Every structure is written in C-alpha cells, then in structure tokens.
Amino acid sequence: MTQANDSPLDQDERDEVRERSNPSALILHEAIRLEGQEELKRPASSLLWSGLAAGLSMGFSMVGEALLTTHLPDQPWRPLIASFGYCFGFLIVILGRQQLFTENTLTVILPLLQRWSMRTVLRVARLWALVFAANIAGTLLFSAFAAGTEAFAPPLRAAFVELGTTAARSDFMMTTLHGVMAGWLIALLVWITPSVGQARFFVIVALTWLIALGKFAHVIAGSVEVSFAAMSGEIGWDRYAFGFLLPSLIGNVLGGVGMVALINHAQVRQDQ
C-alpha cells in the first residue's frame, strides 16, 4: 500500500503543493477566530466610529441599485442588472475594513464557541450593541441626507422610495425568513473570503448580488431604504421598526450564527 511519505515529490515540492491547496476548514476557522478575538478587544470609540462609517457607506447600496434601475429600460431582466448596484455599499464596507453588524454574527462568535465564558459573552454583547447602534445611526443619517437635500434627482428619489416600500412589504415571518437568508449569505461570505485571495472582490459581488436579487432582508442595507421611505411619508415609523428592522435583525442573527457559525464550528470540532 502506498504511504503518504512515498510521494515522488521532494520536500520543497510538497511545500509548494500545500501552498497551492485550498486551506482546510480548520485553518479558515482559526483565521476568523483570531480576527474575532482582536475585534473583541477594540475600544468602544473605535467600534462606534467604524460602525458609523459602515452605516453611512451602506447608503451607496441603495444609491447604486436605484441608479441602475432608473437608467435601465423597464424590462423583465432589469432586476438582474440593477441588483449589481446593491454590491457597492458592501464592497466599500468589507474592503474598507469597516464594522458591519452582520459580519460579526460569525467573526466574534467563533471565539465564544471555542471557549465559552461569561466574560466573552459580555464582550460579544458589547460589540454587537455598539456596532448595531452605530450602523443604524449611519443609515438614518444617510437617509436624512438623501431625503432632506436636493443631492439626488426626483427620479432617483422615487426609486429610493420604491426600494424601501418593497423591503417593508412582507409580513413579520416572511421578513424574518428573508433575514435568515441574508444573514446566512453574509456569514458565508466572511467564511469564504480568507481562502479566495485575489478573487475576494468577485465573491463579495456574487453573494451580495444574490441578496439583492432574492430581495432578502439585510438589516443594515435595508435600514437605509426603509427609513428613507419612512422619512418620505410613504410608510410609518412603526413599520420601519417592527415590520422591517426587528424581524430582519432576528433573521440575520439566526442565519449568521445558526446556519454558519454553529455548523462550521461543529465540523471543525469533529476534525479536531
């Protein structure tokens, strides 16, 4: 029987093979866990400013999708192209290393799953609260700017309203389920990106395009759209808070923690 050390390759060649191979789940897990540990140590002011920047940046997902929608003919294929505009905010946030709440449904959960302690639970709760609050504040500031100034032309503002009312149209349970899908995809994006190298840009575009095309409920990106509709008087603030924000938040956490963090941590524990 051929043994592993019977390889015809010398040591240098075997090292090159390992470098060219995809990293194992254990390596991905450890890379993300270490990043999560560093995030949990960051001071509150750093998390707040980074979270605020991310919330503001997510406004460009609304702007990008609305721009493409208004410049494309009203044809059945229009959403296939217009949904690429939704990727802009995510590209800015992820490549710019800004704090996005839904990324942290995986990143900071892995250290907690690896070594459960009340201290880590409190650190995760602190980070989640700070980043979520800062993200939402950023989205509201962007919406207020878009609704209260003449920076955007009337056709574009009408497209903003359409995006917001569409996002708020589903009932609580359906929005929660759509939130699970969005949280699942964003956490998968975080899990995948350490292994894709130079293809990171295309992975971000592909997965966030899928969120937009599926009309899945991302709590931060959707907050920009739905709050704009509320500021424009098209929907009530109760609809924003309890019809969109709360169910999408629940769904994003369930999708990120339940469908990615717990399952991928379980497979790594089995490997170990």
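Just so you know, these numbers come straight off a predicted model, no measurement behind them. Heads up: numbering here begins at 1 and tracks the sequence.
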- Quick one: side-chain hydrogen bond (donor to acceptor under 3.5 Å, both in side chains) partners of R200, sequence neighbours excluded? none
- Nearest-0.5 Å distance, CD1 of residue I220 to OG of residue S57: 12.0 Å
- Message: With rounding to the nearest 0.5 angstrom, report the CG to CG distance, L189 to L100.
- Response: 9.5 Å
- What one should report as the nearest heavy-atom pair of G36 and P111 is C-CG, 3.9 Å
- Item | Note, I136 side chain near T139 side chain (heavy atom, < 4.5 Å) | yes
- Note on the structure: Residues G138 and L56: closest non-hydrogen pair is O-CD2, 3.4 Å
- Task: Answer yes or no: is there an ion pair linking E35 with R97, defined by an N-O contact shorter than 4.0 Å?
- Result: yes
- Does the side-chain contact (heavy atoms from CB on, under 4.5 Å) test come out yes or no for I211 and L207, once each step is laid out? CA-CA 7 Å; I211 293 173; L207 293 187; 5.9 Å; no
- Note on the structure: Value for CG (N264) from CG (L106), rounded to nearest 0.5 Å, stands at 7.5 Å
- Task: Would you sort out whether T165 and V161 count as a side-chain contact (heavy atoms from CB on, under 4.5 Å), showing the intermediate values?
- Result: CA-CA 6 Å; T165 53; V161 169; 4.1 Å; yes
- Task: Flag the pair L34 / E30 as yes when at least one side-chain heavy-atom distance between them is below 4.5 Å, and no otherwise.
- Result: yes
- Message: So if I apply the side-chain contact (heavy atoms from CB on, under 4.5 Å) rule between R33 and each of H265, Q114, R115, which one comes out positive?
- Response: Q114
- Please check if atom CH2 in W49 has more than 12 non-hydrogen atoms from other residues, nucleotides or ligands closer than 6.0 Å. no
- Task: Side-chain contact test, heavy atoms from C-beta onward, threshold under 4.5 Å: evaluate it for I32 versus P194 and give yes or no.
- Result: yes
- Task: Decide yes or no on side-chain hydrogen bond (donor to acceptor under 3.5 Å, both in side chains) for E39 and N104, but give the supporting numbers first.
- Result: CA-CA 9 Å; E39 295 295 337; N104 285 308; over 6 Å; no
- Message: Looking only at the aromatic ring of each residue, does the gap between the centers of F60 and F142 stay below 6.0 angstrom?
- Response: yes
- Query: What is the minimum heavy-atom distance between V226 and A167, and which atoms define it?
  - Reply: CG2-CB, 3.7 Å
- Query: Should L80 and I204 be regarded as members of a common hydrophobic cluster, given that ILVMFWY residues are connected when their side-chain heavy atoms come within less than 4.5 Å of each other, either directly or indirectly?
  - Reply: yes
- Task: Is it possible for you to say whether F201 and M58 belong to one hydrophobic cluster, with membership spreading through side-chain heavy-atom contacts below 4.5 Å?
- Result: yes
- Message: Restricting to non-hydrogen atoms, name the atom on T175 and the atom on F244 that form the minimum distance, rounded to 0.1 Å.
- Response: CG2-O, 4.0 Å
- Item | Centroid separation Y86 to F90 less than 6.0 Å | yes
- Message: Between S61 and E65, is there a side-chain donor-acceptor contact under 3.5 Å, judged purely by atom types and distance?
- Response: no
- Message: Please identify which of these residues, F216, F88, F202, F84, meets the ring-ring contact (aromatic ring centres under 6.0 Å, His included) condition with W209.
- Response: F84
- Message: Checking H218 against S248 for the side-chain contact (heavy atoms from CB on, under 4.5 Å) test, could you report, in this order, the C-alpha distance in whole Å, the side-chain angles of both residues, the deciding distance, and whether it holds?
- Response: CA-CA 6 Å; H218 186 275; S248 60; over 6 Å; no
- Under 4.5 Å between any side-chain heavy atoms of F152 and V63, yes or no? yes
- Can M174 be reached from L163 by stepping across I, L, V, M, F, W or Y side chains whose heavy atoms are under 4.5 Å apart? no
- Message: Please report the interatomic distance CG(L156) to CE(M62), rounded to the nearest 0.5 Å.
- Response: 8.0 Å
- Query: Considering all heavy atoms of both residues, which atom of T70 and which atom of A159 are nearest to each other, and what is their separation?
  - Reply: CG2-CB, 3.8 Å
- Is there a donor-acceptor pair closer than 3.5 Å between any side-chain N or O of S143 and the backbone N or O of V224? yes
- Item | Residue pair F242 / P247: nearest heavy atoms and the distance that separates them | O-CD, 3.4 Å
- Message: Starting from L177, can I reach L185 by hopping between I/L/V/M/F/W/Y residues whose side chains sit under 4.5 Å apart?
- Response: no
- Task: With rounding to the nearest 0.5 Å, note down the distance linking CD1 in I94 to OG1 in T208.
- Result: 7.0 Å
- Query: Considering only heavy atoms from C-beta outward, does the side chain of V253 approach that of F132 to under 4.5 Å?
  - Reply: no
- Query: Would a distance-only check, ignoring hydrogens and angles, find a side-chain to backbone donor-acceptor pair under 3.5 Å from R123 to K41?
  - Reply: no
- Message: Please check: side-chain N/O of S46 versus main-chain N/O of P43, any donor-acceptor pairing under 3.5 Å?
- Response: no
- Query: Under the 3.5 angstrom rule, does the side chain of N135 hit a backbone N or O of G51 as a donor-acceptor pair?
  - Reply: yes
- Would you say the side-chain atoms of H71 pair up with the backbone N or O of L67, donor to acceptor, closer than 3.5 Å? yes
- Message: Under a 3.5 Å distance rule, please check whether N252 uses its side chain to pair with a backbone N or O of T102 as donor and acceptor.
- Response: no
- Message: I'd like to know whether CH2 of W77 has more than 12 heavy-atom contacts from other residues, nucleotides or ligands below 6.0 angstrom.
- Response: yes
- Determine yes or no for a side-chain-to-main-chain donor-acceptor pair under 3.5 angstrom, with S50 supplying the side chain and L47 the backbone. no
- Message: Do V203 and L95 sit in one hydrophobic cluster, given that two such residues count as connected whenever their side-chain heavy atoms are within less than 4.5 Å of each other, even indirectly?
- Response: yes
- Query: What is the distance from atom CD1 of I235 to atom CZ of R169, rounded to the nearest 0.5 Å?
  - Reply: 11.0 Å
- Test side-chain contact (heavy atoms from CB on, under 4.5 Å) on F228 and R157 and set out the steps. CA-CA 9 Å; F228 183 91; R157 292 158 65 90; 4.2 Å; yes
